[in-house]
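Structure, as structure tokens:
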Amino acid sequence: MPEGNEIHRWAARHNAAFAGRKVNVLPGPNHRFRDAHLVDGKKMVQVHAVGKHLGYEFANGLYLHIHLGRFGDFTEGLGPLVEPKGTLRAVMQRAGSGKVSRSVKGNAHALTGPYNGPPSKDDGTQPFPAEDVDWWELRGPTDCSIYDSDKWQALLNRLGPDPLAHEPGGHDEPSRAIDAILAKKTSIAELLMDQEMISGIGNIYRAELLFRHRVNPFTPGDAMDTKTLKAIWKDAAVLMKAGMVDRRIVCTKKSDRPSKQEPALRGEEHYVYRRHGKPCFVCGETILRKDVAGRTLYWCPKDQHTTKEQTASALKPGVSLRSQRVK
DNA sequence: GCCTTATGCTCAC
DNA sequence: TGAGCCTAAGGCT
């Protein structure tokens with residue numbers, strides 16, 4: 001369920017664990033990933049992350065392309081693999097690290113922990129360094145398939161610049177995104193989610209970025225100004241980088257949190273995302289939500305200066321999104 | 001157990 | 001613009 005921060009984090013971890021090594025790539029129990037054999041047993045050169053896409057580059061010139069979509073996720077583990085579940089799609093394992101064991105019940109070593117931070121789960125499991133990862137398993141991706149280098153390059157060409165793919169100070173690329181946005185009449189809320197404009201931003205970051213810059217989400221791209229767009233780009237890079245490290249998207253400033261706690265308490269990570277019906281941390285106004293192009297947009301009508309009509313278009317409290325979509 | 005929701009995207013019409 | 005695909009969790013009965 002990742003945005004760009006998670007994708008770059010997986011790429012970093014899987015580079016540490018597998019880059020330069022021979023790996024086994026196996027289809028899941030249902031064998032839906034039929035092309036696994038094309039890279040199985042080959043040397044994995046390196047993992048690339050662009051926007052929300054992962055590309056595992058192999059020495060034979062092929063790429064294992066993975067897009068997690070909304071539901072996809074990895075489980076990493078140490079030691080022998082255990083009992084894959086039916087929904088499993090694919091597995092990568094260090095070659096020569098022993099046979100895949102399907103006899104052990106339970107998965108005591110498996111967890112999807114943060115880099116070196118505190119455990120992400122409340123079950124007491126401890127994180128381990130990426131270098132120690134022996135295998136990962138994948139479930140629920142939107143795509144898991146083999147690309148040749150032309151197909152991979154075509155993907156890169158299609159995607160807009162990625163805030164996480166650029167070094168601070170070397171920000172020449174955002175101009176491409178900014179020019180593209182300024183040429184569109186579509187709302188900035190939709191444009192921020194458009195991977196051909198900027199890649200890597202998803203529903204949480206778009207809502208939070210628009211709030212942090214007090215931008216009316218319904219503003220057309222061509223009515224935005226360059227200065228604000230530049231600021232949003234820079235902010236995106238900072239927030240997403242932080243989200244890469246602790247596997248937690250935190251967009252509130254300490255001074256805006258009701259508790260003033262650092263790190264942010266549960267429920268105080270976001271200004272507007274999933275806070276509909278609750279009071280804005282900054283102005284106290286009720287946070288609104290609306291279905292926009294199939295995704296839920298959250299905003300504060302006061303801080304983000306929405307018009308009466310835009311405010312009135314928000315979903316009524318208690319009404320389900322599904323019934324709203326059917327209108 | 002059913003319903004809803006969720007950090008996404010593609011394709012057919 | 002809508003349907004479809006993918007999986008899991010939480011709230012409700």
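All of these numbers come straight from a predicted model, not from anything done at the bench. Lettering follows sequence order; numbering is per chain, from 1.
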Would you please confirm or rule out a distance under 4.0 Å between OP1 or OP2 of [N] and any side-chain N or O of [X]?
X	N	answer
A:Thr296	B:dA6	yes
A:Arg32	C:dC5	no
A:His67	B:dG8	no
A:Arg295	B:dC9	no

Nucleotide [N], atom [atom2] - distance to [atom1] of [X] in whole Å:
X	N	atom1	atom2	answer
A:Arg89	C:dC5	CZ	C1'	9 Å
A:Asp291	C:dT1	CG	P	12 Å
A:Asp143	B:dC11	CG	P	10 Å
A:Arg289	B:dT7	CZ	C1'	16 Å
A:Lys52	B:dT10	NZ	P	10 Å
A:Met193	B:dT7	CE	C1'	8 Å
A:Arg274	C:dG11	CZ	P	10 Å
A:Phe71	C:dA9	CZ	P	13 Å

Checking all strands, does [X] fall into the base, sugar-phosphate, or nothing category for heavy-atom contacts under 4.0 angstrom?
X	result
A:Glu6	nothing
A:Leu68	nothing
A:Tyr298	sugar-phosphate
A:Tyr205	nothing

*asked:* Quick one, A:Trp10 and A:Asp73 - any side-chain contact, counting heavy atoms below 4.5 Å?
replied: yes

*A:His48 versus A:Trp152: any side-chain heavy-atom pair under 4.5 Å?*
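Heavy-atom side-chain distance check passes, below 4.5 Å.
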
_Assess whether a salt bridge exists between A:Arg212 and A:Asp235, defined as any Lys/Arg side-chain N lying under 4.0 Å from an Asp/Glu carboxylate O._
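Salt bridge flag = yes for A:Asp235 with A:Arg212.
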
*SB check A:Glu262 A:Arg257 (cutoff 4.0 Å)*: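 Yes, A:Glu262 and A:Arg257 are salt-bridged.
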
_Against the six-membered ring of A:Phe211, is A:Arg214 placed for a cation-pi contact (under 6.0 Å from the centre, within 45° of the normal)?_
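Yes, A:Arg214 and A:Phe211 form such a contact.
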
Could you tell me how far [M] sits from [N] if I compare only their [atom1] atoms? Round to whole Å.
N	M	atom1	value
C:dT13	B:dT5	P	15 Å
B:dC9	C:dA9	P	22 Å
B:dT10	C:dA8	C1'	22 Å
B:dT4	C:dA3	P	15 Å

Which nucleotide wins on minimum distance to the side chain of [X], given the candidates [options]?
X	options	result
A:Arg139	C:dT7, B:dG8, B:dA6	C:dT7
A:Tyr273	B:dT10, B:dT7, C:dC6	B:dT7
A:Thr142	B:dA6, B:dT10, B:dG8	B:dG8

*Do A:His14 and A:Phe74 have their ring centres less than 6.0 Å from each other?*
yes

*Under a 3.5 Å cut-off for both distances, is C:dC6 Watson-Crick or wobble paired, and to whom?*
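Its partner: none found.
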
